Amino acid sequence: MKRLIAIAMFAAALFVATSLSGFVLHGKEFERKLTPVMGWSSWNSFGRHVNYDNVKSQMDALVQLGLRDLGWTYVNIDDCFQNGRDEKTGRLRVNEEKFPGGYRAMRELVDYAHSLGLKAGIYSDGGDHACSSGGGAGTNPEGRDIGFYRHEVDDANMYLADGNYRDAYARAHPEDPGIECWGFDFIKIDWCGGGHAKLDDSEQYNKILDAIDDVERRMGKQKIVNICRWAYSGPWQFRADSWRSGPDISSRGDSWESVMVQVDIMKEVWQYTRPGSMNDPDMLVAGLKLTPEEDRSHFAMWCMFSSPLLIGQDITKIKPETLELYRNAELIALNQDPAVLSAGYLGDLVPGVEIWVKMLGSDRSMVRAVALFNRNSTAMDISFDYSIAGYEGDVKARDLFAHADLPVGRRRQTTLPPHGVDVLKLEPADKSRVIGPRFVSSCGNVSGGAEVEARRRIDWVNAFEAVRKGATLLDVRTAEEYAAGHVEGSLNVPHVRIPSDVAAVVPDTNTPIVCYCRQYKRAAQAAMMLDMLGYRRVKFVGDGYEASKSAPRVALADVTTTLVDVKGDGKGMASWASPWNKPWPSAKGKPNMGWGGKPISLAGVECGKGVGTEASTIGGGSLIQCEIPNGSTHFIALVGVDDNTPVREWPVVFKVEVDGREQAKTRPLVLGETHLFAVPLPPDAKVLKLFTIGEHPVHAAWAWAGFRTITTLAK
Ligand code: GLA
């Protein structure tokens, strides 16, 4: 971390400092790394499949390919190495299938990195769950409760204190097994769990940073901290070595636009970067799916920004051209310039060609790097007058890709390929004056997505009202989640694809959008990206933090009965609850009940109203029929297997038929899965039939079922 803040309070609880003197370097100052870290991180390449062997192989590759010697030294394990937390001891568990030996494997990896002259990094969350689990995608149970929250001191010691510190402690205190210490050099601290637990970011991160400071003080070593809060969120972040300035880059590396979002954010926050504390526009995706030209621009801009450089691909499979890019010592020198100043945006030379200038050596320097960055998808002939970067006389310029000095002169003329960049290092050729430059963007404030999202959050009744008036309903969950259940008529643009895909489905940035998301991280990141792209009329709906609590796999579960007001008055529910050929006995006449008279419950959500049925084909499945009230435009129901169904694997299909024609059908749903129907009805529709079809006696329910008059829901 950047600053050493000695807080002994927490340490006292675990380590009795006096009894450890002799092997602990109390209060000793130490060398600090103030330039950005360079290395590799597991997330973009291995995601959930990170393991002992693939991490170790990256360490070997960095050495063998000569990257280590150019400064690429950090090997960081991201999310998904954990396996929850032991409830009794409160200790984090390592996933032993991926890292055989658990704690020992972690220490081995750190020791191995050090033996090769490398550094090792690890991941946690400021709150309770990891992003891969309930705090995030809600699908990885092993990532639950792995974060720092309520374990700040223990976890700071476990991750970062040296392994031999623990051994020495154990020798000094045989009565106390103490905690294991792994000795990592770097830690990334995410915020999905922090959002989920509704923690105050500054307060919680400061608490963790205090605990880490204490480890640093005792170890006499710097520990690099990256805060992954997806936005600049206040000066308190300067305590960390770097912080994520924006949402996730598309980790598959298939979205140039998602790279551009990071660049645009930098126009607002570039001035925050300083030695030892810098903006982090996320890990590199070069070498994955961008064009070679885009790879070069992406890497060059990250160097211009003095950002952390973490390779996001499997280095053992690196292509020669990517390797050459990452071996470009002149670009690396830009990134590692000791002044650690980010390039700022000067404006467009011609439309779509951006001018970025980075001061080298000091903020008053006469030596400057310029990037002429073509964001157009066509090649551009340009003539760049060096006076724009503040030079009044002749300039010595060096092309950092060609590794060649250019003729001394006053301008650069060249052709920039589509999405290509020209990076030059400039200095005055004689004693001519150097002024400026005048950056267009001063230090602005990109609101963190979470704040934007919170400010614009509405409930479902208002959301549907907005949709009725013409708003587009956007579902930003993953394609898999969308397939498992969504409002029909909503458009799916997974949050990481927003930069590349949203324009295709919502071309006009003035279109009102209602953005559905039931997960804190995605809502927050979607908010920021939509803002960056100029969509201003965006509202957010969904259960945000709440859904993550128990992570029920229920889609749009917060649709309320005010939306679908089904009354058991003989005209509503009772009439369309008959005739049916296989009702639950207890449901007959008591339409809002599931099996055995229990309330209908789908994926952990008690639905209150609806009809419970038996899906089994023994007896022909279930059929509910009713007349469609005049003027109805949509039939709406949340369907799924009732939680009282005894067997998890029994699937059931829900089908909606209008006047004898199939209108909508689910895929086979099993316990815990739901689907929300919002089926458009033809203008003169008369008879609705609802089928539940399965081979087992599944307790299937049509919850919140009813008719609506919505004019613009279906697209
Ligand atoms: C968040 C972070 C990513 C990555 C994932 C892991 O999305 O922003 O960089 O660490 O979590 O789940």
Side-chain angles (χ1 to χ4, degrees), residues 1 4 6-33 37 39 52 55-56 59-60 62-63 68 73-77 81-82 86 89-94 96 99-124 148 151-189 208-225 241:
M1 249 190 309
L4 191 70
I7 295 189
M9 195 171 76
F10 294 113
L14 279 166
F15 298 99
V16 184
T18 47
S19 64
L20 299 174
S21 54
F23 53 84
V24 178
L25 305 165
H26 288 292
K28 192 173 164 192
E29 251 317 325
F30 39 87
E31 287 285 308
R32 293 185 176 276
K33 177 171 175 51
V37 296
Y52 183 91
V55 172
K56 198 163 178 230
M59 297 180 181
D60 293 330
L62 282 179
V63 177
R68 174 196 61 188
T73 46
Y74 284 77
V75 174
N76 297 346
I77 300 170
F81 66 88
Q82 326 85 339
D86 188 301
T89 62
R91 301 279 154 83
L92 187 98
R93 281 192 301 250
V94 173
E96 301 222 13
F99 294 85
Y103 279 39
R104 190 173 39 76
M106 291 306 184
R107 281 179 63 166
E108 265 173 36
L109 281 173
V110 174
D111 288 346
Y112 188 64
H114 293 168
S115 75
L116 297 177
L118 298 171
K119 304 276 187 186
I122 195 75
Y123 167 99
S124 185
F148 269 103
H151 302 277
E152 292 82 1
V153 173
D154 278 4
D155 282 10
N157 278 281
M158 175 189 71
Y159 288 124
L160 301 171
D162 289 348
N164 59 15
Y165 178 86
R166 181 250 175 275
D167 297 340
Y169 177 81
R171 273 199 302 280
H173 296 273
E175 76 292 352
D176 176 5
I179 58 169
E180 293 290 342
C181 300
W182 301 348
F184 280 99
D185 308 287
F186 169 107
I187 188 160
K188 164 175 169 178
I189 310 174
I208 298 165
L209 293 167
D210 286 346
I212 295 176
D213 273 350
D214 191 67
V215 175
E216 279 192 331
R217 186 184 60 78
R218 283 184 287 105
M219 294 301 110
K221 275 185 198 158
Q222 184 185 11
K223 302 289 171 179
I224 304 269
V225 179
D241 298 85

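As a basis for the values below, the full set of heavy atoms in this structure was taken, side chains included, without hydrogen atoms, waters or symmetry mates. Just so it is clear, the model here is predicted, and its values are computed rather than measured.
The two residues D241 and I224 make their nearest non-hydrogen contact at OD1-CA, 3.5 Å. Considering every non-hydrogen atom in both G183 and V110, the closest pair reads O-CG1, 3.2 Å. Between L92 and W182 the shortest heavy-atom distance is CD2-CH2, 4.0 Å. Minimum interatomic distance between I179 and M158 (heavy atoms only, all atoms of both residues): CD1-N, 3.9 Å. Contact between Y165 and C181 at its shortest, heavy atoms only, is CD2-SG, 4.5 Å.
The ring pair (Phe, Tyr, Trp, His ring centres under 6.0 Å) search around Y112 returns none, not counting sequence neighbours. Remark: D185 engages no residue in a salt bridge (Lys or Arg N to Asp or Glu O under 4.0 Å) (not counting sequence neighbours). Here R93 pairs with N83, D86 under the side chain to side chain contact (heavy atoms under 4.5 Å, CB included) rule; sequence neighbours left out. Take V215 and apply the side chain to side chain contact (heavy atoms under 4.5 Å, CB included) test, not counting sequence neighbours, and it matches A156, N157, L160, A161, R218, M219. Remark: D167 pairs with R107 by the salt bridge (Lys or Arg N to Asp or Glu O under 4.0 Å) rule, at least two apart or across chains. Residues satisfying the ring pair (Phe, Tyr, Trp, His ring centres under 6.0 Å) criterion with F148, sequence neighbours excluded, are Y159.
The shortest side-chain heavy-atom distance between M106 and I77 falls under the 4.5 Å cut-off. Side-chain contact between N76 and Y123: absent, with no pair of heavy atoms (C-beta onward) separated by less than 4.5 Å. Residues K221 and D162 have side chains in contact (heavy-atom distance under 4.5 Å, counting atoms from C-beta outward).
Between the CZ atom of F81 and the CZ atom of F99 there is a distance of 8.0 Å, given to the nearest 0.5 Å. The line from CG of D111 to CZ of R104 is 11.5 Å long, rounded to the nearest 0.5 Å. One finds the NE2 atom of H114 at 11.0 Å from the CG atom of L109 (value rounded to the nearest 0.5 Å). With values rounded to the nearest 0.5 angstrom, M59 atom CE is found 11.5 Å from T73 atom OG1. Rounding to the nearest 0.5 Å gives a distance of 10.0 Å between CD1 of I189 and CG of D155.
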From CA spacing to verdict: side chain to side chain contact (heavy atoms under 4.5 Å, CB included), V75, L116: CA-CA 11 Å; V75 174; L116 297 177; over 6 Å; no
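Using a cutoff of 4.0 Å between basic side-chain nitrogens and carboxylate oxygens, K223 and E216 are not scored as salt-bridged.
The main-chain N or O of K33 is found under 3.5 Å from a side-chain atom of Q222 such that the two form a donor-acceptor pair.
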